[in-house]
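All residue numbers refer to positions in the sequence shown, counting from 1.
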Amino acid sequence: MFKLNLKIALRNLWKYKGYTFINIAGLSIGLAACLLIFIFLRYQLSFDKGYENNDRIYRVVSSWTYPGENEFYSKGVPRPLAAAVRNDFPQAEQVAAVQESGGIIKVAATTTRPEVKEASNVYYIEPQFFDIIKIKWLEGEPRKALSVPNTVTLSKKTADKYFGKWQDAVGKNIRFSNRLDLKVTGVFEDFPDNSSFPFNVVISYLTYKDESLNSWQSVSSSSECYVLLKKGADASALKAPVLKLIDKYYEKGSVGKEHHYFQPLSDIHYNEKFSNFNNKVMPEGQIIGLIVIGSFLLLTACINFINLATAQAVSRSKEVGIRKVMGSRRKQLVWQFLSETALITVIALLIASVLTELALPGMRNLFSGDISFSLFGHPVIFVFMTLLVLVVSFLAGFYPAMIVSGFSPALAIKNKISAANAGAIGLRRALVVIQFAITSVLIVGTLVVINQMSYMRAKSLGFDTNAIALVDVPSDSLSQLKFNTLKEKILHINGVKAVSFSNAAPSSNNNNTSSFKYNSTKDENFQLSVKSTDRDYINTFSLKLIAGRTLSKTDTLKETIVNETLLKKLNISNPNEILGKFIETQGRKMPVVGVVKDFNNFSLHDKIEPTALFSYKGVYNLMAVKMEPGQLLQAMKAIESDWNGTFPDYVYNSSFMDDQISSFYETERVMSVLFKVFAGVVIFISFIGLFGLISFIATQRTKEIAIRKVLGASTAELIRMLNSSFLWMVLIANLIAWPVSYIFVSKWLQGFEYRAPLSVWPFMIAMLLSIVITLITVSLRSYKAASTNPIDALKYE
């Protein structure tokens, strides 16, 4: 029976080649898009999975609440917190502190390999971490390897890079930041790419030295704490012990109220409030959005199939009638038509697999992830493909199968089955409306995303970003003595206009906030964003000074410049009123000597914060160089040469301010590309389906069209007749799509503090685009039908 059904299915597919092509083309493109989305989501949902005791691993994170302000969040914790949790929480089985840092790593040359010198992130980690996050060790054992100061352990790929092969690493030395000689005491397996732990160089935590090591008032996002709870311990029951810890260790009477939360390991990759060391976050909203888009694509492809199959049912009515007369039961006919649908779906899936493989390199570039289409490496992909065949075959094939198998044999054999009773014209129209509504929603979404991206590129951030290079500089005390010499050299380079040292650019992810006092002994009820800069910072970034003067040239004078938002928060209307008043923060009491016009110190997702600029050479780690746009290439080569001559023991690294700004909106860029691609796919699927449907309808109405022509109807009138019903469906679809689109795009735009106004134009353009494509598609096929010779249609009547 299976062989017979397969043979009949293949014959029917060949007989109706045009409709078979349309069905397979629509399904294969829709399935390819679904496969790409699934492969990407599988990768994203695999983060931080597979560790032993996964459900008992937590990260302690921080937040602060200020009166009348939103809550501030940080993945960092005070450095003494890990020891306090270890002592005060009996529910904790293991606790480990992790401190991120960076510097230059040098490995001496040997007779078989050259010297290694590179800038690298390093992590000071307590050995208990490897009892919490268990990973295979190739050499050494963490409790011993990280138990004494000045020891380091390496990942396998890093040990191979430094020493030729990892087996030769243990017992050797590496030099870190030109001041520490570290002995290699262990090698561990590489952490997987889908991990929040990019740990390649792990130094004993006992090696870490910092003046804030015992301070509860200093919190850096580089300091994290991980906890393995005992079996049976409930993280939700730890609120009371956390409050006791805060009461025990934190300073009383501070304006900001500190909080700590136990964040599950499974939440780290998906929570944008806190981020992680790997700087890879996939918000749950985006995952849901991709699932919805994938469902839209699949639904659109299935609607195509249903519309064509039910419309095409008339031409198979005789076949069904004869089968029933010969004794076929309805159940057998249903299985016959479902098997045909399954065959089309399998063929489409094979083509979709090829399209997926071709599109995968582009997707890897887009998402910068190790995304692979491997059925053996990831069997869940094969399971998904099997489910896809079953679901699509059922969704697309069941209703047409029920319609066709339900024909009366007497009417079918006499050719009395018409398009009107072959599968409910009303349902086909409803499906076309749904298809166009989905198309309109994606068109509106695409236009709004593109508009917001254009708005962000065009909006002034309050400072100049053009032709400014950001060059890392070493921050140790010996290097700081060379800053002025380097600055003088660079200022003599042709094309260089200004040079400034600081700890962060105006818009940066490296923003420090602090409590502060304004002309008082009492802390204000909001935090102050602080940046350490020199006097040329304002000139280099073209910040606008609206009152007072810039900072003094010498670093010994303690002065500050503030922005307009700080004045608004302090209810000061005249910028000159704050000049000469004192601000005290981070142990420095400074007079205000100037006020600058507001600039965005975060991305456009966030509002402008009260900000203070002051000189503090000890934390400068960035050099900004303003250049003539036409002389960038020559100037950058000269800057690199002077930099290497000044700091021969370090590694040169630079980027452009414009690129840094663009990196803030990487998620939006990716979403923009996805919307464009998937909107294009949905439009293609919808309108090849529309072409197939109008082709069939035109064929069914050949005699009607011929009679109308004989009675005097013009070709234009016939085209208008065939167009009218589809245009009404497009209009209804857009009316349905508009409120859905509005809710979706409004919610997305709420993620931006500064956003382009939402106008009616995206909705109007979506409707006009739908109408134009419908008119073109339907008119082309209608013209062919309307221009045929009526004699050919009527000569046998």
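- At distances below 3.5 Å, not a single donor-acceptor pair connects side-chain atoms of Tyr537 with backbone N or O atoms of Ser502.
- Ion pairing between Lys156 and Asp160 holds under the 4.0 Å rule for side-chain N and carboxylate O.
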Step by step, work out the ring-ring contact (aromatic ring centres under 6.0 Å, His included) result for Tyr205 and Phe129.
-> CA-CA 11 Å; Tyr205 195 80; Phe129 176 84; over 10 Å; no
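- Shown here is Phe382, whose CZ atom has no more than 12 heavy atoms of other residues, nucleotides or ligands within 6.0 Å.
- A donor-acceptor pair is defined here as one N or O able to donate and one able to accept, closer than 3.5 Å; such a pair exists between the side chain of Ser662 and the backbone of Asp658.
- The existence of a salt bridge linking Asp88 and Lys248 is confirmed by a sub-4.0 Å separation between a basic side-chain nitrogen and an acidic carboxylate oxygen.
- Remark: Glu272 CD is loosely packed, at most 12 non-hydrogen atoms of other residues, nucleotides or ligands lying under 6.0 Å away.
- Judged by the 6.0 Å and 45° rule, Lys75 forms no cation-pi pair with Phe274.
- Asn276 contributes atom CG, which lies 11.5 Å from atom OG of Ser221 (distance to the nearest 0.5 angstrom).
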Would you sort out whether His260 and Tyr250 count as a ring-ring contact (aromatic ring centres under 6.0 Å, His included), showing the intermediate values?
-> CA-CA 12 Å; His260 291 296; Tyr250 281 93; 5.8 Å; yes
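- Taking a 6.0 Å sphere around NZ of Lys49, one finds it holds more than 12 heavy atoms contributed by other residues, nucleotides or ligands.
- Every salt bridge (Lys or Arg N to Asp or Glu O under 4.0 Å) that Glu126 has, sequence neighbours left out, goes to Arg86.
- Residues Phe614 and Lys558 are not in side-chain contact: their nearest non-hydrogen atoms beyond the backbone lie 4.5 Å or more apart.
- Looking only at distances, a side-chain donor or acceptor of Lys531 sits under 3.5 Å from a matching main-chain atom of Ala505.
- Remark: Ser655 pairs with no residue by the side chain to side chain donor-acceptor pair (under 3.5 Å) rule, at least two apart or across chains.
- Here Thr158 pairs with Leu154, Ser155, Tyr162, Asn200, Val201 under the side-chain contact (heavy atoms from CB on, under 4.5 Å) rule; sequence neighbours left out.
- Ion pairing between Lys106 and Asp649 holds under the 4.0 Å rule for side-chain N and carboxylate O.
- Ionic pairing of Asp193 and Lys280 is present here: one or more N-O contacts between side-chain nitrogen and carboxylate oxygen are shorter than 4.0 angstrom.
- A side-chain donor-acceptor contact under 3.5 Å links Asn194 and Ser46.
- Two residues are said to be in side-chain contact when any heavy atoms from C-beta on lie closer than 4.5 Å; Leu238 and Tyr261 fail this criterion.
- Ser615 and Asp534 share no side-chain donor-acceptor pair at under 3.5 Å.
- Salt-bridge check for Asp181 with Arg175: passed, with a basic side-chain N closer than 4.0 Å to an acidic carboxylate O.
- Side-chain atoms of Arg56 do not come within 3.5 Å of backbone N or O of Leu228 as any donor-acceptor pair.
- In summary, Lys487 and Asp536 engage in a salt bridge, as defined by a charged side-chain N under 4.0 Å from a carboxylate O.
- Contact detail for Ala169 and Phe163: the closest heavy-atom pair is CB-CD1, 3.6 Å.
- A salt bridge does not link Lys230 with Glu93: none of the charged nitrogens is closer than 4.0 Å to a carboxylate oxygen.
- A donor-acceptor pair is defined here as one N or O able to donate and one able to accept, closer than 3.5 Å; no such pair exists between the side chain of Thr207 and the backbone of Ile203.
- The residues Lys161 and Glu118 are annotated as salt-bridged, a charged nitrogen and a carboxylate oxygen being separated by less than 4.0 angstrom.
- Within 6.0 Å of atom NZ in Lys482, more than 12 heavy atoms from other residues, nucleotides or ligands are found, so the atom counts as buried in its surroundings.
- Side chains of Leu138 and Trp166 form a contact here, defined as non-hydrogen atoms less than 4.5 Å apart.
- Side-chain atoms of Met627 and Ile639, non-hydrogen and from C-beta on, do get closer than 4.5 Å to each other.
- Dense packing is recorded around NZ of Lys172, with more than 12 heavy atoms of other residues, nucleotides or ligands lying under 6.0 Å away.
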